2 protein chains.
Amino acid sequence: MQKKPRDPDNLGIKLDAQLCFAIYGAAHAFTRTYKPLLDPLGLTYPQYLVMIALWEEDDQPVKAIGDRLGLDSGTLSPLLKRLEQSGLVTRRRDRDDERQVRISLTKKGTELKAQATGVAQAIGKAVGCSLEEAVALRDELIALKQRLTKAGSEETQSSV
Amino acid sequence: MQKKPRDPDNLGIKLDAQLCFAIYGAAHAFTRTYKPLLDPLGLTYPQYLVMIALWEEDDQPVKAIGDRLGLDSGTLSPLLKRLEQSGLVTRRRDRDDERQVRISLTKKGTELKAQATGVAQAIGKAVGCSLEEAVALRDELIALKQRLTKAGSEETQSSV
DNA sequence: CGTAATTAGATTGTGCGCAATTGAATTGCG
DNA sequence: CGCAATTCAATTGCGCACAATCTAATTACG
């Protein structure tokens, strides 16, 4: 029932489409894998990413978190308010620069890290490959992201 | 600048977090790369994925498209209505099984494929690696997705 | 035949993700 | 100092993503 790929134009779009599907599917599979693990913690996947950023370094401005995760204030503002409502973080204006809102962990937010370790271990198991493979995949994805981002910015400036 | 991994617990969460960030970032970088290319076609990235599925095989039920892309009716129903409003597809009940809604390409939808070839080529360029590397990455991602999906389903059935 | 179980799709509600706009604070410059 | 440009967050609007619920059609089974 499958047609042979004999059209070169079609070959191009096919690989593109497959890489499309693959990365799209893998990202969502990741989210779905995390969901049952994060539900007991009361976190969504993006919220979990924000918490990781804060566990790595507490008391960051919104901008820093956004840069780390590639999210803008339109996404982060409501997300952080929900984390605040959950009692995991506090938001307060920086005294030296009142434009900035600094996000800090509460006691509850700090304590949640212990449980998150369990989540990470479960994910490590679900990923089902060695540390070396995981590292390699991570690096490939980072490199891919950088190439894509670079290509995008060149596209932009070439039009000037 | 890199710290040596001497804390096993912390190592786990760190690698997990990094793979997290990496796949999350790569997926979004992909979407952002597509956006300027798809805007002229009047398509979003998920809509583009649906169109690819239809270009590969026309006249599919919603369910088949959902299985292909891993999306449910809650996502596809409104998305397909938008594609219908754009004049790219038609939706009609299957005569033999009235539960199914079959999605077919219009003339306009079929013709859009020619332009999409240009998109695919631009993406191929932005990905910036050889066909072989792209194929390898695709396969790794597919394998990762399968492991994650499998781990998730085992988790579910183990509770019975 | 008729009822139960299954299946396909639509709808509702919550939470991202991002572009565009707004508003307040800070910085730069004359 | 005063004013323009910049920066940071918040808000608004649109489009996914997905769980939960609902309706209608089909299939299974007694």
Side-chain angles (χ1 to χ4, degrees), chain A residues 20 24-36 38-39 42-51 60-86 89 91-103 149 152 156, chain B residues 20 24-36 38-39 42-51 60-86 89 91-103 149 152 156:
Chain A
C20 244
Y24 186 80
H28 285 95
F30 238 100
T31 306
R32 280 182 215 121
T33 306
Y34 270 102
K35 187 165 192 319
L38 293 177
D39 273 346
L43 291 176
T44 65
Y45 182 66
Q47 287 169 8
Y48 174 63
L49 295 181
V50 169
M51 292 301 289
Q60 296 189 55
V62 175
K63 181 92 171 48
I65 298 174
D67 288 343
R68 180 85 170 90
L69 304 182
L71 297 174
D72 65 4
S73 67
T75 300
L76 285 176
S77 288
L79 187 156
L80 290 168
K81 282 190 178 175
R82 283 188 281 273
L83 286 181
E84 187 181 36
Q85 278 203 314
S86 303
V89 306
R91 305 184 310 131
R92 64 171 196 287
R93 293 277 165 186
D94 187 308
R95 215 165 313 280
D96 295 336
D97 183 346
E98 294 246 340
R99 289 170 307 179
Q100 296 183 33
V101 170
R102 300 195 73 89
I103 309 298
T149 305
T156 306
Chain B
C20 243
Y24 186 80
H28 285 98
F30 238 99
T31 306
R32 281 183 214 121
T33 305
Y34 270 103
K35 187 165 193 321
L38 293 177
D39 274 346
L43 291 176
T44 65
Y45 181 66
Q47 286 169 8
Y48 174 64
L49 295 181
V50 169
M51 291 303 288
Q60 295 189 59
V62 173
K63 181 85 171 51
I65 298 173
D67 287 344
R68 181 84 169 90
L69 305 182
L71 297 175
D72 64 5
S73 68
T75 301
L76 284 177
S77 288
L79 187 156
L80 290 168
K81 282 189 180 175
R82 277 177 219 111
L83 287 180
E84 186 181 36
Q85 279 202 313
S86 305
V89 308
R91 304 185 311 130
R92 63 170 197 288
R93 292 279 165 185
D94 186 309
R95 213 165 310 282
D96 295 336
D97 185 344
E98 293 245 341
R99 289 172 307 182
Q100 296 184 33
V101 171
R102 300 195 74 89
I103 309 298
T149 306
T156 306

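First the proteins, then the strands, lettered A, B, ... as listed; each starts at 1. In this text, all values refer to a predicted model and were calculated from it rather than measured experimentally.
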What is the distance, rounded to the nearest whole Å, between atom CZ of A:Arg95 and atom C1' of C:dA25? 16 Å
Considering just the side-chain nitrogens and oxygens of B:Ser77, establish if one lies under 4.0 Å of OP1 or OP2 belonging to C:dA10. yes
Between the base of C:dA8 and the side chain of B:Ser73, is there any donor-acceptor pair under 3.5 Å? no
Which part of the nucleic acid does B:Asp96 contact within heavy-atom distance under 4.0 Å: base, sugar-phosphate only, or nothing? sugar-phosphate
Atom CG of A:Leu69 to atom C1' of C:dC16: distance rounded to whole Å? 13 Å
Base, sugar-phosphate or nothing for B:Pro61? Non-hydrogen atoms, less than 4.0 Å. sugar-phosphate
Do the ring planes of B:Tyr24 and A:Tyr45 sit parallel (below 30°), tilted (30 to 60°) or perpendicular (above 60°)? perpendicular
Which listed nucleotide (D:dA19, D:dT11, C:dG9) is nearest to the side chain of A:Lys35? D:dA19
Is a side-chain N or O of B:Arg102 found less than 3.5 angstrom from the main chain of B:Arg92, in a donor-acceptor match? no
Nearest whole Å is fine: how far is C:dG15 P from A:Leu80 CG? 14 Å
At under 4.0 Å between heavy atoms, what does A:Thr75 touch on the DNA or RNA strands: base, sugar-phosphate, or nothing? base
Does C:dG30 pair with anything, Watson-Crick or G-U wobble, both distances under 3.5 Å, and if so, with which nucleotide? D:dC1
Checking C:dC18, C:dT11, D:dC18 against the side chain of B:Lys81 (C-beta onward), the nearest is C:dT11
Ignoring hydrogens, what is the shortest heavy-atom contact between B:Leu80 and B:Val62? Give both atom names and the distance. CD1-CG2, 3.8 Å
Would you indicate what B:Leu79 reaches in the nucleic acid, counting non-hydrogen atoms under 4.0 angstrom: base, sugar-phosphate, or nothing? sugar-phosphate
Quick one: which of C:dG17, C:dT26, D:dA17 gets closest to the side chain of B:Pro46? D:dA17
Is the shortest side-chain N/O distance from B:Arg99 to OP1 or OP2 of C:dA10 below 4.0 Å? no
Examine C:dC16: is either OP1 or OP2 under 4.0 Å from a nitrogen or oxygen in the side chain of A:Thr44? Give yes or no. yes
It should be established whether A:Arg91 places a side-chain nitrogen or oxygen under 4.0 Å from OP1 or OP2 of nucleotide D:dA10. yes
Between A:Asp94 and A:Gly74, which residue's closest nucleotide on DNA chain C lies nearer the 5′ terminus? A:Gly74
May I ask you to verify if any side-chain N or O of A:Tyr24 is less than 4.0 angstrom from the OP1 or OP2 atom of D:dA17? yes
Donor-acceptor pair, distance only, cut-off 3.5 Å: does the side chain of A:Ser77 make one with the backbone of A:Ser73? yes
When all nucleic acid strands are considered with a 4.0 Å heavy-atom cut-off, which category describes B:Arg102: base, sugar-phosphate, or nothing? nothing
Considering all heavy atoms of both residues, which atom of A:Gly70 and which atom of B:Arg32 are nearest to each other, and what is their separation? O-NH2, 2.9 Å
Counting side-chain heavy atoms from CB outward, which of C:dG9, C:dT26, D:dA10 is closest to A:Asp97? C:dT26
A:Glu84/A:Arg91 salt bridge by N-O under 4.0 Å criterion: yes
Could you tell me how far apart A:His28 (NE2) and D:dA19 (C1') are, to the nearest whole angstrom? 14 Å
Heavy atoms from C-beta onward define the side chain here; which of C:dG17, C:dA25, C:dA8 lies closest to that of B:Gln100? C:dA8
Can you measure B:Asp39 atom CG to C:dC18 atom P for me and round it to whole angstrom units? 14 Å
Closest to the A:Asp72 side chain: C:dA8, C:dC18, D:dA17? C:dC18
For a 4.5 angstrom cut-off between non-hydrogen side-chain atoms, does A:Gln47 reach A:Leu79? yes
In whole angstroms, the gap separating P of C:dC16 from OH of A:Tyr48 amounts to 16 Å
A:Arg92 CZ - D:dC8 C1' separation (whole Å): 16 Å
Select base, sugar-phosphate, or nothing to describe what A:Gly70 touches, counting heavy atoms under 4.0 Å on all strands. sugar-phosphate
note: B:Leu76, atom CG; C:dA10, atom C1'; distance rounded to Å ~ 12 Å
Nearest of C:dG15, D:dC18, D:dC16 to any side-chain atom of A:Gln47? C:dG15
May I ask you to say what A:Leu71 touches in the nucleic acid, namely base, sugar-phosphate or nothing, with a heavy-atom cut-off under 4.0 Å? sugar-phosphate
